Amino acid sequence: MERTDKAGVRVRFAPSPTGHLHVGGARTALYNWLLARSQGGTFVLRIEDTDLERSTEQAIDQIVDGLQWLGLDWDEGPRIGGPHGPYRQMERAGLYAEKADGLLADRKAYRCYCSAEDLDAARSQAREKGEPYIYDGRCQRLDGDTEAVFREEGRQSVIRLRTPTTGNTVVKDLVHGEVSFENVLCGDFILVRSSGVPTYNFAVAVDDIAMGITHVIRGDDHLPNTPKQLMVMAAMGEEPPQYAHLPLILGTDRAPLSKRHGDVSVEEFREHGYVREALCNYLALLGWSFDGETTLFSMEELVEKFSLERVGSTAAVFDRVKLLWMNGSYIRDMEPIELAERLEEFLPSTRLAGLPGGEGRPEIADLVPLVQEKLKTLADFVELTDFFFLPVEFEEKALDKLLSNGEAPALLRVAAGIIAEVEPYSSEAIEAAMRKAAEDMQVKLGKFLQPVRIAVSGKMVTPGMFETLSVLGREESLRRIEHVLSKQFKGHS
RNA sequence: GCCCCCAUCGUCUAGUGGCCUAGGACACCGCCCUUUCAAGGCGGCGGCGGGGAUUCGAAUUCCCCUGGGGGCACCA
């Protein structure tokens, strides 16, 4: 066990702003955040925008929004600053230039004047011969005069790191153990592009050191980059942080999770009615486990129980069905008031926008008790309750059922009678009266209620009928039943 | 092609040589409950990729194979 100053844990989530916050990125962020919070450490958000072509301002907003929605707050980073800022790499150009100059001065790095075309050619040639391409370091020993001539000619140059040609670089990884890479295979890689913009591996190494990062938790895809970053740090004479490379998240076909597998960004899950607790819980369990038995963890419990030691090394398939179940579980266990608030936030972006609580219409809070146990997503609320707010639209199957039921008109008249007279107009009283009526008529309750259900909602599936009639109100319930009796059954009986 | 990672039910996983006739969760299949649908309860189906080696004993250790994935850029 390495010496670790627990209170000094500093982790970072370092997304490149080239798209939405992918659930894979969200999981990486979550694990970093959990480690920081569980250790009383610091969670840093750093934007790696050195890819000028693909980075966008909009992507930064989306990532920031996504993290905030998930509840993963950062202690240092964009929007809030911090003692190690700025937190966008493009704003840290001075630092990289300074470090590059230092390496140049120490002869740990050198300028290379090879053109991109020459290198491409060499690369494809190597590939043809079936050999691995490794930069041959031809610019390593340029003498001052030659360099002066090149510069005179206006040739562009990049800065390369002088890398070891023997030995191995070993990554001590907290999830994979020791992983060894042969130095020869690496080649002198580029630190600074001819444009002056640092490459990823250089910027990351410089920043992880400069920001005092103690644990780098990131995706498995970065494992092969790690020896390069270690070389940069070694050249700068710095001690590297500890590393933990998380296995990838796969789609059901075991290919890396992508759009064609369905929703992949936290934004999409949010729009489709998922709650943050479920997404965090699910993501936490995708690669980490506590005891193999417990599956539901509140954020507090995750913070309390999370540890890198229990992060697995196997790539995991993203199971939407399980996430959906978990989402339903969280919705069911929520305080009704809390659920009402979530719906309050969610509904404005649906076709129910502005409807609940309006003139004579039920409030969200009135409906929550009727649907809470049926919801798997917040979006389900819309399908389940739209008839309370909108004119009844009959589902084809429901209408067929209703019209083909010869007893329906009679049953509906009995129901209408009860609705018109029952006192008080409460679900309990309605239930008592209807149960009795069913018994008196010697029909099963379900048979009695189904026509009512369809008449009042147009659907085969609704919340409990007594509660529904109660919330809908005496007038409206009657109106709907009468309407069916007079219009739909016109000429039938 | 080269380098690296990974391998337990369909899926997420527990399991660190004997407690394993392999445990839990989701899914699936029955049954119960029931005004529809869910939810819930009970029960069931289902797995250590293959081959060697070590050992009294291997899901657990080692090697090979196979399979999956990642990386080999003036992308991150």
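Chain letters run A, B, ... following the sequence lines, proteins first and then strands; every chain starts at 1. Basis for what follows: all heavy atoms, side chains included, without hydrogens, waters or symmetry-related copies. Since the model is a prediction, treat every value here as computed from it, not as a measurement.
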Quick one, give me the B/S/- string for nucleotides 60-65 of chain B, reading 5' to 3', where B means a protein heavy atom under 4.0 Å from the base and S means that only happens at the primed atoms, P, OP1 or OP2.
------
Base, backbone or nothing for each nucleotide of nucleotides 19-35 of chain B, written B, S, -, heavy atoms under 4.0 angstrom, 5' to 3'?
----BBBSS-------B
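B:G17 and B:U61 have their C1' atoms separated by 9 Å, given to the nearest Å. Atom C1' of B:U55 sits at a distance of 39 Å from the matching atom of B:G71, rounded to the whole Å. Taking the C1' atom of each, B:U8 and B:G23 are spaced 11 Å apart, rounded to whole Å. Rounded to the nearest Å, the gap between the P atom of B:C56 and that of B:G10 is 34 Å.
Residue A:Lys374 has its side chain nearest to B:C37 when only B:G71, B:C6, B:C37 are considered.
With A:Tyr31 as the aromatic partner, A:Arg27 meets the cation-pi criteria of under 6.0 angstrom to the ring centre and within 45 degrees of the ring axis.
Taking only distance into account, the side chain of A:Asn225 meets the base of B:A76 through a donor-acceptor pair shorter than 3.5 Å. A donor N or O paired with an acceptor N or O is found under 3.5 Å between the base of B:C74 and the side-chain atoms of A:Ser194.
Regarding A:Gln156, its CD atom lies at a distance of 14 Å from the P atom of B:C74, rounded to whole Å.
Rounded to the nearest 0.5 angstrom, A:Leu250 CG and A:Ser258 OG are separated by 10.5 Å.
Aromatic pair A:Phe189/A:Phe202: ring centres not closer than 6.0 Å.
Shown for residues 274-287 of chain A: residues whose heavy atoms fall under 4.0 angstrom of RNA chain B, namely A:Leu285, A:Leu286, A:Gly287.
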